[in-house]
2 protein chains.
Amino acid sequence: MGGTEAGQEGRPRPAAGLAHRVPDLGAMELLLAVARLGSLGGAARELGITQPAASSRIRSMERQLGVALVDRSPRGSRLTDAGALVTDWARRIMEAAEAFDAGAQALRDRRDSRLRVAASMTIAEYLLPGWLVALRTQLPDTAVSLLAGNSAAVAERLLAGEADLGFVEGVSVPTGLDSAVIGHDRLIVVTAPGHPWARRGRPLEAAELAATPLILREKGSGTRQVLDAALGGLARPLIELSSTTAVKAAAVGGAGPSVLSELAVGEELTTRRLVSVPVADVVLARDLRAVWPTGHRPTGPARQLLSLTRA
Amino acid sequence: MGGTEAGQEGRPRPAAGLAHRVPDLGAMELLLAVARLGSLGGAARELGITQPAASSRIRSMERQLGVALVDRSPRGSRLTDAGALVTDWARRIMEAAEAFDAGAQALRDRRDSRLRVAASMTIAEYLLPGWLVALRTQLPDTAVSLLAGNSAAVAERLLAGEADLGFVEGVSVPTGLDSAVIGHDRLIVVTAPGHPWARRGRPLEAAELAATPLILREKGSGTRQVLDAALGGLARPLIELSSTTAVKAAAVGGAGPSVLSELAVGEELTTRRLVSVPVADVVLARDLRAVWPTGHRPTGPARQLLSLTRA
DNA sequence: ATGAGGGCATAAGCTGGAGTTATGGGCAGG
DNA sequence: CCTGCCCATAACTCCAGCTTATGCCCTCAT
């Protein structure tokens, strides 16, 4: 028994076991239903399970967290104060899960979909799932398919008639396509709040930025290319990491300043885990564009998605 | 068998069953490990499970999503393009889960904790979990406890010596406490991108806002109170809903304009599911403050947390 | 060329958690 | 007082995920 126990002396354990400390998505969904409906039985009915199942599931979630979440009474259940908080936090997980679901569904629905989207990686990663969630509220029964690739691949799909609408980032628009600017991907300089740059009065000079070792993605990544171009190939790495998340984690931990896409650090900025440092004389911006074959203005679901993406 | 099947004629199904369409957190954690390490076996070792378990779990995730995620070869596994995308989306869920975990742990760790925080609901809901995650990277072994309540309760705890640091929002600071402004909770007017207000040239006048029916939280909610005060008790409801999420969903769906805390809609704004409408002559802002008993300037972990929260 | 090693897959068996049905006890309102 | 809604407990079932035991594939160094 417990065969797992063998040999865990100096296990690294970076953030491992999170899944064991956090209730699973089903339990959270149930908790949200209880919060909304004010009754275990009601929530159970809504999710298509029985009342005892709901009762036991909530109870084991309370055991796992070590916190009482609901006040049960003979005429209903209400959240405790702690329960309300936990429910709010759970809601944010479920929102991320909804975006995941919308995206995953689009990756799968190849052929028979009514709206075929081709998008560059950055957009597909950060923006598209949110758009799809929004679109779903407007057109619940429209199947969407997604193909992610670089600008050239997006153009190819559109011109071959294999996609209805495309999204690319960058300075130039592939030939044969019309486009509309829908936003900007700005690279920003960020540091942990404790770093000296977080309190400087005047904006950072480009030369200063180029002279300072930064936490960066590896050479070859899109972000790195834009930065190198803007600085004239001068970006000086303090550490090179292979994922945006790793870079963010290092920056949050105070290892040094970094340059990241605004899209990647929205959450960190609003919670002040990272602070944006104004930069004086470099513009690190790329346009985000919706694209379609010249002349074939988007119609139907494509038009609807397009209108979601710009003001 | 399959007793669940009974009687589901006109089931409401608002967004039900999400948990069945999305892999569970353990599977995502595994996927992230595979992405990072480039091998199923390696990921398995890191999570303390066996290689066949990892293999089968990834495979069933691929079945569930209907998408191939990893390219298995006799010398390792790499993510497919779709897999990279899915992994990025999963990472966002895991980040939310990490915040959840940090918060939940603080709710539980009552007595023996080294840093006891008291916070108002808005801050505890939106900001604190992120701070705790950041703090964890700096002080991994510091137990933190959290007590959430209104301003009066926060003050009481601090003055009784039962909390080391507090956070409140609002215009006045409770007596007996020193404070530092760490941010602002601004209410902003938002609409779906398709709404006429999303394209107006000039900012909205207060009178115009007061005259337009809005999607709002129910009377008595904090947000509603601030809005009513700023407008002179005039806010006119189009729909009244009992949770911020419901309000957001209605606004995203295009039901009408709404007024929400900036903190609540960060994600929706960056993905352009909602658009912020500038307002001319009303300031809907409250300060967010860190507070502590007069004279007892925070030290140790409390000081560290405080420095995380402000620039 | 050949054996060692890392990596993945398949097969068979075990276990625990989540689900089910069945039943009982509190509290409100006609 | 009884009907209805709410929740809890008990006993049983079932499956997802785990383990161990094997085997095949490929690469690299001897």
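Throughout, protein chains are lettered first and strands after them, A, B, ... in sequence-line order, and every chain is numbered starting at 1. All of these numbers come straight from a predicted model, not from anything done at the bench.
Between the side chain of B/Arg92 and the main chain of A/Ala96, no donor-acceptor pair closer than 3.5 Å is present. Panel note: side chain B/Trp131, backbone A/Arg273; no donor-acceptor pair is recorded below 3.5 Å.
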Whether each nucleotide of nucleotides 25-30 of chain D has a protein heavy atom under 4.0 Å at its base (B), only at its sugar-phosphate (S) or at neither (-) is summarised, 5' to 3', as BSS---

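When rounded to the nearest whole Å, the span between CZ of A/Arg63 and P of D/dA8 equals 13 Å. With rounding to whole Å, A/Glu62 atom CD is found 17 Å from C/dG17 atom P. Remark: P of C/dC8 and CG of B/Leu30 are 11 Å apart, rounded to the nearest angstrom. Note: CG (B/Asp24) to P (D/dA16) measures 12 Å, nearest angstrom.
Residue B/Thr50 has its side chain nearest to D/dT20 when only D/dC6, D/dG17, D/dT20 are considered.
Contacts classified as side chain to side chain donor-acceptor pair (under 3.5 Å) and involving residues 65-82 of chain A (residues at least two apart or in different chains) are given here: A/Glu62-A/Arg72.
A/Leu65 is listed as a side-chain neighbour of B/Phe100, based on a closest heavy-atom distance under 4.5 Å. With contacts defined as side-chain heavy-atom distances shorter than 4.5 Å, the pair A/Arg57/A/Asp24 qualifies. Residues A/Val133 and A/Glu95 are not in side-chain contact: their nearest non-hydrogen atoms beyond the backbone lie 4.5 Å or more apart. Under the 4.5 Å side-chain criterion, counting only non-hydrogen atoms from C-beta, A/Leu32 is in contact with A/Thr87.
Between A/Arg57 and B/Gly42, it is B/Gly42 whose nearest contact on DNA chain C lies nearer the 5' terminus. Each of B/Gly76 and A/Ser60 was assigned the nucleotide of DNA chain C with the nearest heavy atom; the assignment lying further toward the 5' end belongs to B/Gly76.
Under a 4.0 Å N-O distance rule, the pair A/Arg136/A/Glu98 does not qualify as a salt bridge.
Dashed line: the shortest gap from a side-chain N or O of B/Arg45 to OP1 or OP2 of C/dG6 is not under 4.0 Å.
Atoms CZ and OG1, from B/Arg45 and B/Thr50 in turn, are 11.5 Å apart once rounded to the nearest 0.5 Å.
Residue-level contact check: B/Asp71 touches neither bases nor backbone, having no heavy atom under 4.0 Å from any strand.
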When you compare the protein's N or O atoms with those of nucleotides 9-12 of chain C, which come within less than 3.5 Å of each other, and at what distance?
from: C/dA9; atom 1: OP1; to: B/Arg59; atom 2: NH2; distance (Å): 2.7
from: C/dA9; atom 1: OP1; to: B/Arg72; atom 2: NH1; distance (Å): 2.7
from: C/dA9; atom 1: OP2; to: B/Ser55; atom 2: OG; distance (Å): 2.4
from: C/dA9; atom 1: OP2; to: B/Arg72; atom 2: NH1; distance (Å): 3.3
from: C/dA9; atom 1: N7; to: B/Gln51; atom 2: NE2; distance (Å): 3.2
from: C/dA9; atom 1: N6; to: B/Gln51; atom 2: OE1; distance (Å): 3.3

